[in-house]
Structures are given as structure tokens and as C-alpha cells.
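Each chain gets a letter, A, B and so on, in the order the sequences are listed, and its residues count up from 1.
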Amino acid sequence: MADFAGTVDAIRFALKRDRLILPICVAGLIGWMAIYVVSYNDLYGTQAELNALYKSVAGNPALVAMSGPTGGLRSLGGALSWDSTPTLSIIGGVFAMFSVIRHTRAEEEDGRTELLLTSGSGRLAPLAAAVTITSFALALASIGYVVALSIGGFEFGPSILLSLSLLGFGLVITGTTAIVAQVTGKARTARGLVGIVIGVAWLLRAIGDTGDGTLSWFSPLGWAQQTRPFWENRWWALLPPLAATGITFGLAFWQLARRDIGSGLIQPRPGPPAASPSLLHPLGFSLRLQRGTIIGWSSMLFLYGFAIGVMGNNIEDILKSSTAFTEAFASASGDLVDSYFASILTVIAIMAAGFTISSALRPHSEESRNRVAMLLAAPLGKVRWVAGHVLIAYVASAMVMALTGLGLGLGLGIATGDFGETGTLLGSGFAQVPAMWLTGSIAVLLFGISSRLSSLAWAILAAFVVIWTVASFGELPQWIVDLSPFSHVPAVPAVSLEVKPLLVMTLLAAAFTAAGLALWCRRDLL
Amino acid sequence: MSAAIEVEGLVKNFGSTRALDGLGLRVEAGQVHGFLGPNGSGKSTTIRILLGLIRASGGSARLFGEDPWKNAVSLHRRLAYVPGDVNLWPNLTGGETIDMLGSLRGGLDPKRRKDLVERFELDLTKKASTYSKGNRQKVALVAALATDAELFIFDEPTSGLDPLKEEVFHECVREITGEGHTVLLSSHILGQVQDLATMFTIIRAGKTVETGTLEELRQIAASAGRDPESLSLEDLFLGIYSS
């Protein structure tokens, strides 16, 4: 037990470090569930609407692959569970991954664990603290789910079962991350591996659910759906995640108790002793630093677009099953599917604006890691260096959105056999780009003012997310809605393209970027 | 002789703290100049102003007679810099890093690069994330020493190096000064500075306390009643700070 010495202090310290981010994440998860509760009450108010939904969805392989078995869709709770389980499971899992890595491998990589362990803390204390606060946060979120569901008029028992299913997936990912954090030497690699685990979990159950269901039982995400709340209410299906949580937690501690601090099983391999020509140019070097992120986002959003596109063929029936949906999407043109694609593209663009910000703020992360002085002490102009990263951010943002549109078009083409829409959808992806540039340029402006202000860009993006979400489901004063650039993107392909807002946003982005660069030129390096 | 570095009455404020308070420093071309002072006395701040990374709040700093803030890029063609705390890009190997940094100043002499890598016994194929502190330092040293700069600015260049590699660094500095290059060397290893430098500037709390050759510093100490012949730079340094 001496190995656990100092766990309480470590928990206290971790909670202090996370006093802001942890409540925000928990509130975000609960808020997401609340949105499901409100929107399902809104969208499927009558049994007739539910029956129509069931008729359009049941047995549709694309939708079963996306979201799971559809047997529960005859009741409102069953429909909500079907829709929310994959999304909220994965978001909770991603939160668990970030939280556990942040307090284990990331700390160890930066050499702070060593300091802690040689100051009387037990060898297992940091991991114990990490999994404790992560599990605690997930449990709080689950309690919040139950409250939200109960307030929304859903049955209490099945609400608890649904919340526990979501908690189960979060805990399995917590344990899995704890293991991966022991195996890899680098936090980045660890996050990537857990991302793959989550992806494979989704894929296994997608194949299983469309087939005979066997493979679904090998996926933690599959388990989360096997409880079938509001439908069959199989409480016993909580056993696999419970067992997996115990086993993964145990394995992680077992590994940590046996390995050297600072090491992982996977060691970085040697690389080339000399630079390739592409590195010998400042822009090539910046591109090299950003390459991995760009490839990751491009492939992720292309596949996401593709999956949505494949489903697009069937989405019309689902949308028509709800009068509220029909009203929401029937706005300007008559084409439901086009309106749906337009709003999906906006959602993706808001997500991808996160990429634009992180990419445009690469100079900020370089600066805070103290890697800039050696570069700028060489004859490399301050502006040229930052402008290079910003240029990469803007070009890559356009590329990512074009790929999303292309994925949508190809997916739809494969589903319908008609690739005629591909060009339009690719262009519709592009239409989102000025709003992303504008978001990124705000980050550049903040970076120009001071290094410390840079992170505020994330809060601004969060505000855009909130504006978009609330505006889609409720009423917001128009002037608040107008604050978000994403409110000004024409809803192509559903409406004809209006160039003026795109032009204005592009010009504003250029002005902010120029101002940011000018300010950066005038300020001290951190 | 023209001065490579001229600093007069230099002031730098960070918010309400005053890091430099009228500091003076003059380095003649072709000189190896030792720049000494305790932690937090303002050595690195001075160097960052000279590199144009931060802007002086008052006084003047001149590099080859020019303003380092305004003419940063053109001045940087003429200098090379090694920080005391080298942070590298974790996914690049040492070799890639050296070439990338070299390319910023138009490429390195491959023969000189190879020679330095051998002398410092640096494994170029390792990713920077796996380098120890000393090895990261070597990467920056090779990248700087393989250039043909007029002025070398070293800020604690050998921190983390083993004594053998420290000796290699000494040889390298002697070679570059033999070729007429100028060196500003900030270090806490006083034996090293005494060996390499001909002029010394000692600062405290952002002000210059003493400046001169070892002989001149000894004379100042002697006038305070100490035996000049036996005094090393270390004795002088400690003498200044204990008084």
C-alpha cells in the first residue's frame, strides 16, 4: 500500500489544476444530454411521429451501422437512447482519454512525475489520482444525465440504466487509457492509440450490429447499447463493462508497479541523420510540424463526410417522420436532404474551426515551449515565421472542408449511384471556409496582442458552438446569433450561393490577420 | 577597433519589475568577452535584447553599430546563438534539426558539420525527444559552430555537457577566435570563462559592476586590500558578491 502513499494529495492537486476544465466538461456532457431530452420531446411529440421514425429507420443498414440496433425506436426513451448512446459514449470516452493522459503520461513526459515520486509520493499515486478524478467526473455527468432525463419526463429506472451504460463506456476507456499511458512513452502517441481504440470499438459494433451481432459483444461501445434502456432494460448487460473496468484498471496498476519511470514499452525509432530538402525551407519546416495534425483532421472529416453521405439517401424518410424536423429543414428550398447537408457542413466547419485555431496558434505553442529564440535568432523574420504557420492553417482549413464536401458527395454517390451532386457538395464545403478563417484570424489577433491572451480564442469558439446549438433548438436574440461567423454562411446546397457574406468574412479575416501580425511584430517574445 | 556590441544605460522593465537598470557592455570585434553575473542578474535579458527578441525599455544597445530590434534579420545573418536551455522539436532527429537551423542562414559547410558531429560525439539519428539535456545542447552547438558567423553569442552553452565535451567546446572557441570571430560568452563555469575570455564584464541586479581584463579586475581587488597575484576569476567574482 506504500505505493499509493500521497494519493489523496495527488487528487487534491489534480482537482486544483482542473478546477475550471473539469466542471466545464461535466457541464458540457450534461448539457448535451439535456439537448437530446429537449429535442426529442420537441421532435417526436406524438406516437404517430415515433412510428414514422421507426418505420423509416428500422432495419436500415446504414443507420444501424451508425447508431446501433433500432428495436427500441417505438418509444421516445428508446429513440433517445438509440441516438444518444454512441455520441455521448464517445464524447465521454474522449474526455476520459484527455483527462487520464493529462495527469499521467503527459506529466511523466515533462519530467514532473519524477519530481513528485522523489518527494515522498508513492509510485502508483499519480495514476490512482488520475483515474479517480476521471471516474468521479464521469459519475457526476451520469448523475446529471439521470436528472436531465427525469426532468424531461423520462422513466426513472431506464434513465438510470442508460446513464450507467454511458458511464460504463467512459470507465472502460479510462482503464484502457491508463494502460496505454503505461505502454507509450509519449502523450501524443497515447492519445492517438486510444483514439484508434475508440474507432475500432465503433467499427466492431457497426459490423456486428449489421450482421448477426456477435462482434458487437467484443466492443465496449457495443456493450453500452446492449443494455437497451426503455426497451428490454437488460441490467445484466452492465456486467461486461464492469468487468472490463476492473481488469483494465488492475492491468494498468500492475504495469506501472513493474516498469521504470520515464519509460514506455514503445520507444521512438531512430530517424534520418540529415534533413530532407523540404525541411530546408522555413515553410517546409512549419509544414512538417503541422503535417500530422493536418493528415489526421483531413482523413477524419473525409470519412465522417463520407459516412453522412452514405446515409443521405435514407435521411429524407427520417426527417419526414417528424413534423418539427420537416419545419426546421424545409426553410428556403424544398429539399430536405440539401438543408440537412448544409447544417451538417456547418457543424463540421465549427468543429474544424478548432483545427484552424490550433494550427494558426502553432506559433503560440512553440513560444510557450521556448523553441522560438533559436529560430528567430537566425535570419528568419518574425512576421515571415508566423505568417507561414497562419498560411498553412488557412490553406489546410480550406482543404479539410473541401475533403468533407467531397466525402459527402462520394458517399451520396455510392448510395444512390448518382455522382451528380459531388461538385455542388464540394463547393458547399468551401462555402464554410471564410467563417473558419475569420475564427482563426481572431486567434492570430489575440496572439499578436500577447501570448497569454491566445487561449481566449478557444473560449470564443466555444461561444460560437453554444450560439449555434442554442439557435438551432431555441430562441436567441438575433444580434447574439449574428455574433457568430457561422450564422452568416449561406445554407448551401439548400439555397443559392450568396457571395457577399463570404467576401466580407474573408476581408475581415485578412484585416484581423494583418493586425495580429503587426502587433506580434511589436511585442516582446515570451 | 570597432565594437561588435555596444550597450549603454540599458533598461528593461517587465511590468513593475526592473530586470536591467542601466547596464553597460562593450565587446570589441575579435574579442572573447566573458559576461558574468549570478542567476537573475540580467545576462539572458541583455542577450535577448541584443538578439532583437525583446525590446529595450531605455538606454541603447547596438550590434555592429545597428539597432538589433529594427534590423534583426540582417544582423542575424552575421551572428550565431546558443541558448543555455535548448528546447528542440521532439519529432525531428538531431541531424534534421541541425540542417534545418543551418538552412535558415543559407546552409552549413558539410565538412565542418561532419567534423563537429564527430568531435562532440553526437548521434544524429536520434529523435530530439530522446536526447538528454547535454545532447540537446550539442545539437545547438553544432548548428551554431558550423556557421560562418562574425559574432557568436553563447548563453551558458555547455550546461549539461560532460567535461570532455566541454573541452571540445573550448577548442572550438579557440579556433573561431583564431579566425578573428567575436564571442560573447555568458557562463557560470568561471574556470571556462577565465581560460577563454580576454575581457570580462560582471553584472549584478541589472547593473554593470566591473569590467576589464583579468589584470584590471585584479588591480581593483588589490586596491581593496587583497593579494592580486593569487586571485582567480572565481575569487574575484566571489569577492565582488560577498562584499
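The number of heavy atoms from other shown groups lying within 6.0 Å of CD (A/Glu114) does not exceed 12. More than 12 heavy atoms of other residues, nucleotides or ligands sit less than 6.0 Å from atom CZ of A/Arg371. Surrounding CZ of B/Arg112 are more than 12 heavy atoms belonging to other residues, nucleotides or ligands, all under 6.0 Å away. Residue B/Lys70 places its NZ atom among 12 or fewer non-hydrogen atoms of other residues, nucleotides or ligands, all under 6.0 Å distant. More than 12 heavy-atom neighbours from other residues, nucleotides or ligands sit within 6.0 angstrom of CD on B/Glu167. Other residues, nucleotides and ligands contribute only 12 or fewer heavy atoms inside 6.0 Å of the CZ atom of A/Arg452.
Partner of A/Pro273 under the side-chain contact (heavy atoms from CB on, under 4.5 Å) criterion, out of B/Asp123, B/Val117, B/Thr125: B/Thr125 alone.
Between the CZ atom of A/Arg269 and the NZ atom of B/Lys127 there is a distance of 7.0 Å, given to the nearest 0.5 Å.
Residue contact with chain A, scored on non-hydrogen atoms closer than 4.5 Å, involves the side chain of B/Ser129 exclusively. Interface remark: A/Glu109 contributes no atoms to any contact with chain B (heavy atom separation under 4.5 Å). Interface remark: A/Arg369 contributes backbone atoms only to the contact with chain B (heavy atom separation under 4.5 Å). Interface remark: A/Leu375 contributes backbone and side-chain atoms alike to the contact with chain B (heavy atom separation under 4.5 Å).
For chain B, the option among A/Ala373, A/Gly292, A/Gly381, A/Pro272 with the highest count of heavy-atom pairs below 4.5 Å is A/Pro272. Heavy-atom pairs under 4.5 Å with chain B peak, among A/Ser276, A/Pro270, A/Ala377, A/Gly284, at A/Ala377.
Chain A is approached within less than 4.5 Å, heavy atom to heavy atom, by no residue from residues 148-159 of chain B. Taking non-hydrogen atoms and a 4.5 Å limit, the residue list of residues 84-106 of chain B in contact with chain A, ordered by number, reads B/Val86, B/Asn87, B/Leu88, B/Trp89, B/Pro90, B/Asn91, B/Leu92, B/Thr93, B/Gly95, B/Glu96, B/Asp99, B/Met100, B/Leu101, B/Ser103, B/Leu104, B/Arg105. The stretch residues 44-53 of chain B places B/Arg48, B/Leu51, B/Leu53 near chain A, each with some heavy atom under 4.5 Å from a heavy atom of that chain. Residues of residues 178-186 of chain B lying within less than 4.5 angstrom of chain A, judged on heavy atoms, are absent.
When side chains are defined from C-beta on, B/Lys12 counts as touching A/Asp524, because their heavy atoms get closer than 4.5 Å.
Looking at B/His76, its side chain does come within 3.5 Å of a backbone N or O of A/Ala378 through a donor-acceptor pair.
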